[in-house]
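Structure, as structure tokens:
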Amino acid sequence: MLPFLRRRASPEVSGPRWIALDLETTGLEPKSDRIVEIGGVAIIDGVIDLADSLHRVIADSGRLTAENRVLHGISAAEQYDGSTLSEGLDALIAWRQSAPLVGFHTRFDVTFIAAALGRLGSKDAAQAFERDFIDLAVIAPAVFPDIPARSLKDWSRAFGLPVRKQHRATADALATAHLLQRILARLPAEERSFAALQALERRRRWL
Amino acid sequence: MATAAAVEPYLDLLRTHEPFSGMTHAECMRLFAHARVSYHAPGETLLEANVRARECWIVLSGRVRGDRSGGESGALALELVAGEMFPVGAILTGRPTISRFSAEDEVFALRLPAEDFVTCSREIPVLSDFCDKRLTFLLERSQKALAASYAAEGTAEQAIPKPLGSLVRRRPITVGPEATIEDALRLMQQYAIGSVVAVDGERRPLAILTERDVVPRIVLAQVPITRPLLEVASQPVASLTTEHTATDAALLMAERGFRHIAVVDRDGRLEGVVSERDLFALQRHTLTGLSGAIKRAETLGQLVVCANDARQLAKNLVAQGVQPLTMTRFVSRLNDQIVQRLLDWVAPRHAIDPAQVCWIALGSEGRHEQTISTDQDNALILDDREAPRDVAAFAREMNDALDQCGFPLCKGNIMASNPELALPLAGWREKFALWIDRGSPQALLSANIFFDLRPLWGCHALAEALRADVLERAAATPRFLKQLADNALETEPPLNWLGNLASTEDIDGRQVIDLKRYGIRPFVDAARVLALAHRVAATNTVERLERLGEAKVLRADEVRQWVDAFGFLQGLRLRVQQGAAFPSAPNAVALDALSPMDARILKECFRQARKLQQRLRSDYP
């Protein structure tokens, strides 16, 4: 196996900066449920850069139910000090720039963000945000067929990823980024580009 | 800046490990403000040896293995697990890494810029303490590697003592145990080599024949070249393993007078031969060679060259990782030889009979603690039983010749050419008795220099008699010892009330500490008082402390700490002298020039000096 980190900037159009993203929401329905928290970290040449990260708790997502509070562990005070949804999304778009996006069940997060942007009247931004993403929930089982993991928590356990906290957006984004690191290290050098991962995901979905 | 949300998951993981367990959330956020996290597959290299470390690494999960450069040996490897950092020493000293770090299994590692770590190690108390402890550990465990890294002077290329394996340039030319002398000589001729090694069936060296052996052992001894090689070759062969360093080989050669050393692998099989010439291709001169050159020198001009070479050699030895205390002994030994060689010529010209005088070394030379820049302190003892005679012209010629050899004339006129310092034994006894009984400030200053006397040339018995006299009289005069102790306690180690380094003067607008006066002298002076009080005859500071330890006057652990601290101070002083930042003050080190690690160790050394002084204070309240 070639050491992935010796590789310099990858040659593909999207550049060496990728971002791992995760959202916490009040439920599963993009039309009616709200975004509670946005967390993301940049991965540059395969290395997670903590200084290049984004975290927003959304203040105007309505009152969290007790259930949500327990699940996400977001306190009322934290929410009170948070951003408005529009500020949060602006910050996210500015931070992402044109970087490709990595997530776990990424379609869910992307759809939530596009829906929120649409409601705020930013149709173009919504469309732009839906470009260039990959889903490790699909890719990871393709790369590690012997590991019977389904959820992000399963993968974290299976690989002993160094992030224990769950259901906080940034922690889950970090776990996703670590899963990506393990996947990249397993692949031959020529298959480590974003385009190659997109192709791998498409093939997997066809099966 | 990293967001708290991005750092916190890792803090959860590191919270149970030192030093993070003691740090506040805000402090952790500062430390990890620019952290990055990477994954490394088994076998992958995280950090090479002999490079400048740009990042401090913290293991998050998995195991990282550190190998000393050059060695594959398990003995030298260290293993780092979650919560451990590397390469802390290299970062704090700003010097190249000593080990290569690689992933033993699946490793996730957090990395932060070296500058952030250095800044935080100064400003975060918990981290600062942690680094102190780490450095004390480093000081104890790897004094040698540390000294070696001094050589690098910040350039990554020429770090670390070279492993012998890397000096072996070609496969050795060998013969079997049954070979004749002729076989060996033909091979030496054919390959133009200086030595042939006889090996057994397992390639283990049995004997070695070198060029130098040919004339005395074969030609002059008239041994027929049809005889077996083993009859004339040297056995057993001095050998070291590929993992030993050039320094080890240099010391073995110097100690035992070998010129060739067999380099063997772990199973004792021959890998190659390293000659003195190979070894000192790294440096211009050899210890044994230089020592021989001094003995053979026929003119003052030649000796002046030797003295210069000795100073150059001293620098190279420091660069090769020789411990400072060994170093000062080497320097003293070579300087002794230079003085002795000079006396061999100069004395006969003045009809001086070596049986009737003794040339003595005083001060640092008397203590075997000479560094590179050192002026002369010497005197003469004359035999009472002979008719008094004028030795002034002889002494003056000696002092001038030494001056030309690079030992400047003593500003205090503590030289044999001073008529008051070329006395018959009785005169010296009277003088010393007066100092001990009277204890005037001037007498105490003199006692500090003269009571470390050591015979260099001539009738050693004269000096021994005088020394025995001093020991007897001083130990029997508590008032004198108390005065000497008070005098030793006048110089306090330069730490402020917070325990931090305090400058002792300003030079060119920079705050400096005079290492000789405030670092070396407290140890030297305290050791002298205690040695005199307990009739310890040694003059060398380390020996004095060790003898006092053996006599149970001092505790063994204290002795070790004081010897370590003294060694570090001498080492730092050697480096400072070589750097020559302040021509007017060769022993001054600027506080802003100290690396964070040196500053910390220096602080610890001064604390040790303080401890030693406290001991003296309690003995002489």
Side-chain angles (χ1 to χ4, degrees), chain A residues 1-7 19-20 22 24 37-57 72-74 78 82 91 95 156 158-187, chain B residues 1-17 20 28-48 54-64 81-84 100-113 115-116:
Chain A
M1 194 186 308
L2 288 169
F4 164 71
L5 286 161
R6 295 233 183 91
R7 201 172 54 115
I19 63 168
D22 186 67
E24 300 302 321
E37 189 184 27
I38 307 171
V41 289
I43 304 147
I44 294 162
D45 266 333
V47 179
I48 302 170
D49 186 352
L50 300 185
D52 190 353
S53 58
L54 176 101
H55 178 237
R56 291 287 189 278
V57 172
H72 303 305
I74 297 172
E78 226 181 316
W95 173 70
S156 286
F159 285 136
L161 301 181
V163 175
R164 289 177 197 155
K165 211 183 257 185
Q166 272 151 10
H167 300 300
R168 284 303 298 251
T170 305
D172 285 350
L174 284 169
T176 306
H178 286 314
L179 181 55
L180 174 71
Q181 290 178 321
R182 290 300 306 256
I183 289 169
L184 289 171
R186 168 58 72 94
L187 294 172
Chain B
M1 292 280 283
T3 55
V7 173
E8 277 160 6
Y10 303 108
L11 290 187
D12 285 349
L13 214 123
L14 294 173
R15 194 161 286 159
T16 51
H17 299 278
F20 316 106
C28 289
M29 287 306 300
R30 267 192 68 194
L31 183 60
F32 297 136
H34 305 103
R36 309 193 302 149
V37 189
S38 51
Y39 166 73
H40 304 271
E44 198 184 317
T45 297
L46 281 67
L47 182 63
E48 291 287 355
R54 296 178 197 286
E55 290 175 303
C56 176
W57 296 67
I58 302 163
V59 183
L60 291 171
S61 66
R63 288 174 299 139
V64 170
V81 295
E84 293 191 282
R100 184 178 79 96
F101 294 91
S102 55
E104 189 93 319
D105 55 10
E106 318 279 347
V107 170
F108 281 99
L110 194 142
R111 306 140 65 160
L112 36 120
E115 313 84 77
D116 287 16

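Because only heavy atoms are used, hydrogens play no part in the values below, and waters and symmetry mates are left out as well, while side chains stay in. Residue numbers start from 1 in every chain, and the chains themselves are labelled A, B, ... in the order their sequence lines are given, proteins ahead of strands.
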| Taking A:Gln181 for the side chain and B:Val37 for the main chain, is one N or O donor matched with an acceptor at less than 3.5 Å? | yes
| field | Listed partners of B:Glu104 passing side-chain hydrogen bond (donor to acceptor under 3.5 Å, both in side chains), at least two apart | value | none
| query | Looking only at heavy atoms, which two atoms of B:Ala5 and A:Thr170 are closest? And how far apart? | reply | CB-OG1, 3.4 Å
| With sequence neighbours left out, what residues match B:Phe108 under ring pair (Phe, Tyr, Trp, His ring centres under 6.0 Å)? | A:His178, B:Tyr39
| How many angstroms lie between atom CG of B:Leu13 and atom CG of A:Leu161, to the nearest 0.5 angstrom? | 11.0 Å
| field | Between CD on residue B:Glu8 and CG on residue A:Leu50, distance to nearest 0.5 Å | value | 11.5 Å
| said: Show the nearest heavy-atom pair for residues A:Gly160 and B:Ser61, with the distance to one decimal. | reply: O-OG, 4.1 Å
| request: Tell me, for B:Ala35 versus chain A, whether the close heavy atoms (under 4.5 Å) come from the side chain, the backbone, both or neither. | output: both
| query | If you look at every heavy atom in A:Pro162 and B:Leu60, which pair is closest and at what distance? | reply | CB-CB, 4.0 Å
| message | How long is the straight-line distance from CG of A:Asp49 back to CZ of B:Arg111, given to the nearest 0.5 Å? | response | 10.5 Å
